[in-house]
Amino acid sequence: MKKRSSIFLVSVLMISLLAACTQSPSATPSTDAPPASGGTATEKPADDKPSEPEAPKEPTKFSIGMRTLNVKYVENHANINDDPYVKALERFTNTDLDIRLIPHAEYETKMVQMFATNDLTDVIQASGGISGKELAGSVEAGVFVDLKPYLEEHGKALLETIPEAAWERVTDAEGHIYGIPEYLGNPSRRATWIRMDLLEKTGLPVPKTVDEFLEVLRAFKKLGVEEPFAGRAEFKYADTFFGAYDVFGYGNELELVDGKMQPKFLDVENMQAAIGVYKTMYDEGLMSKEFATVNPNTFKATITSGKAGMWSMNANELPIWGEQLVNNVPEAKVALIPSPIGPDGKGGYSLYSPVTRSFLITKQAEDKVVDIIKFFEWQTTEEAKLFFSYGLEGTDYAMNGSEPAYKAPETNEELDKQRYLNYWLWMVQDTTYNELVLSQTEEGRALIEIYDTMLANEGRDGYEFNDPLEAWVNNPDINPFSDRYPPLINEHIMKMVFGQEPIADWPKVIEEWRSKGGDALIEEATKKYNEGAVVYAPQR
């Protein structure tokens, strides 16, 4: 029998995670027999006279375009519309779905093409709120249905369940609601991960400062770890040390300095310090020399195959990624630790928007809006929570008396399927973590505790505008991404890390950025801020 190791969660303590076991959650059991939530309800007769039974309503058929989100179960599926869980979701909601997948890596390009050719699905998934690049101005162009009057009459549970901060991100300046959001109760989602079994071999304590982190990475290298720190192209999920110095350059990381609204990377001293850390790691072989070309699949494969000692990833992925690593490297112990702190004593990753996905209904499907709203509203029910957390009764769990007996997944295939159910197919939920699954084990409850303590007290944030600033739209080179620097800034960072430009030249980079639209950006952002235009203040 294969020996299983623990997955460790560290803020103060370490714990094992997801040992194969059978649990007995207290949630109300469900069956895969559908309720009539999609519209088969019968009305009570006005008198005692027998009446003809109302004919069942035909399932509501609609198409929905969804990003694959790098979910292996989805991307490897021969036809997701034939998937048994999609079929079950259809039965639960009395719908007939036509899911059209949008490749994760080509998402923005494919979305823009979709709008340009008017090849639209009835429901379109956006990343975040209604001002994303992928929507290509379609909200302003009147492509979508204003859902507000429909929600007020037919979607009260959605309005009551989803936080106001999330609704704000899908509401325009005139008060029209254009999307149904998937939301985050805790915006501090990313965490710093470490192989505790390797740290124990070094004899070093859990690092806190940037210098202590570098010391640990050097010790990992001496142990023969192939990638002490797992890097990734454009520093996506590898921006740990930019966070320590509070110099993120993303769309939600503007700050007010001397009355001017500007990106944080204009802080020369801290930006040079952060770039210096990555150059040190690159020069000393503490991260891959090829990190600039590492894509999401290679990144995950490097980590789950045991080649990395430290990395960044969403904390809610721990049950899946951690278990997959243990399946490949039984002695591995994975921990989440506080992120490195910088000169101000703080650290962490850029806070997420309160909205992680939203679902917009195109006007071509306006005659189906009520049923589509009910489709999403069902996903807020306890019955839906059980389905998306555990799967199908008789297939994924059995009943133990009146209680479902849930068996945690063990194999990589089972873990991929759970991620698909918990994360991808469940479109409207608080996606911070799966409370029902985690609350069944001591280890899962510890992860919840980490969210509520460690992650709740770290993270970086700034000002963000509702509508994209024109200076950004007009100058793609200086236009940032949600979690990546603008192309012009990233290019210079990379050259400095590779030693092709001196870090001391960062002020010259800022001057170039200013000349290519940066000054116009600062002027526009400052003007809008002073005028009280729709702007989101830092969440912390």
Side-chain angles (χ1 to χ4, degrees), residues 2-19 190-233 235 237-244 274 276-294 297-313 315 317-318 320-341 347 412 443 450 454 497-498:
K2 184 170 65 174
K3 181 181 179 181
R4 307 188 67 78
S5 294
S6 299
I7 302 169
F8 279 54
L9 311 174
V10 173
S11 56
V12 179
L13 71 165
M14 300 183 297
I15 55 177
S16 62
L17 182 67
L18 284 180
R190 296 187 184 181
T192 300
W193 300 43
I194 194 170
R195 282 276 302 276
M196 285 302 299
D197 55 310
L198 299 177
L199 184 66
E200 291 168 358
K201 289 181 180 178
T202 69
L204 294 170
V206 174
K208 296 180 181 177
T209 67
V210 171
D211 287 342
E212 290 172 352
F213 269 79
L214 288 175
E215 186 179 359
V216 167
L217 295 177
R218 291 181 180 117
F220 282 174
K221 184 182 178 184
K222 288 181 181 177
L223 290 176
V225 178
E226 190 170 323
E227 294 191 30
F229 181 85
R232 187 167 149 183
F235 299 100
Y237 284 101
D239 53 2
T240 309
F241 297 98
F242 291 113
V277 173
Y278 283 97
K279 179 168 174 52
T280 296
M281 291 198 296
Y282 180 79
D283 290 345
E284 296 185 16
L286 305 182
M287 60 193 295
S288 169
K289 296 290 185 182
E290 308 299 327
F291 82 91
T293 61
V294 171
N297 291 331
T298 303
F299 181 71
K300 183 176 181 180
T302 297
I303 292 166
T304 56
S305 64
K307 296 178 181 178
M310 186 185 300
W311 61 92
S312 166
M313 181 40 59
E317 296 285 3
L318 181 61
I320 307 298
W321 285 46
E323 187 69 2
Q324 289 175 336
L325 170 59
V326 170
N327 285 342
N328 295 325
V329 186
E331 70 275 16
K333 300 175 183 176
V334 186
L336 304 183
I337 61 174
S339 299
I341 57 175
N412 289 343
E443 297 80 6
I450 283 182
M454 184 184 86
V497 171
F498 293 158

Could K221 and E284 be called an ion pair, given the rule that one side-chain N must be under 4.0 Å from one carboxylate O?
no
Over all atoms of both residues, closest heavy-atom pair of I341 and G347
CG2-N, 4.3 Å
If you measure from CE on M310 to CE on M287, what distance do you get to the nearest 0.5 Å?
12.5 Å
Enter the distance from I337:CD1 to F213:CZ here, rounded to the nearest 0.5 Å.
4.0 Å
If you compare all heavy atoms of P338 against all heavy atoms of M454, which two are closest, and at what distance to 0.1 Å?
N-SD, 3.4 Å
Might you confirm whether atom NZ of K208 has over 12 heavy atoms from other residues, nucleotides or ligands at distances under 6.0 Å?
no
Between V294 and R232, the two heavy atoms sitting closest are O-CG, 3.4 Å
Determine the minimum heavy-atom distance between P205 and V216, stating which atoms define it.
O-CG2, 4.3 Å
Let me know which of F241, Y282, F291, F220 forms a ring-ring contact (aromatic ring centres under 6.0 Å, His included) with F229.
F241
Could you walk me through whether K289 and F498 satisfy the side chain to side chain contact (heavy atoms under 4.5 Å, CB included) test, starting with their C-alpha distance in whole Å, then the side-chain angles of each, then the deciding distance to 0.1 Å, before giving a yes or no?
CA-CA 9 Å; K289 296 290 185 182; F498 293 158; over 6 Å; no
To the nearest 0.5 Å, what is the distance between OG1 on T192 and CH2 on W311?
11.0 Å
List the atom of E227, the atom of G231, and the distance in Å for their closest heavy-atom pair.
OE1-N, 4.1 Å
For a side-chain contact (heavy atoms from CB on, under 4.5 Å) with P340, tell me which candidate from V277, D211, T240 qualifies.
T240
Gap between atom OG1 of T209 and atom CD of E215 - 0.5 Å precision
8.5 Å
When rounded to the nearest 0.5 angstrom, what distance separates CG in L214 from OG1 in T280?
6.5 Å
So how far is it from T302 OG1 to K307 NZ, rounded to the nearest 0.5 Å?
6.0 Å
Within 6.0 Å of NZ in K222, more than 12 heavy atoms from elsewhere:
no
In short, A308 meets I303 closest at the heavy-atom pair CB-CG1, 4.2 Å
Answer whether the closest heavy-atom distance between the side chains of V326 and K333 falls below 4.5 Å.
no
Would you please test N412 and N328 for side chain to side chain contact (heavy atoms under 4.5 Å, CB included) and show each step?
CA-CA 10 Å; N412 289 343; N328 295 325; 4.2 Å; yes
Validation row: L325, W321 side chains within 4.5 angstrom (heavy atoms):
no
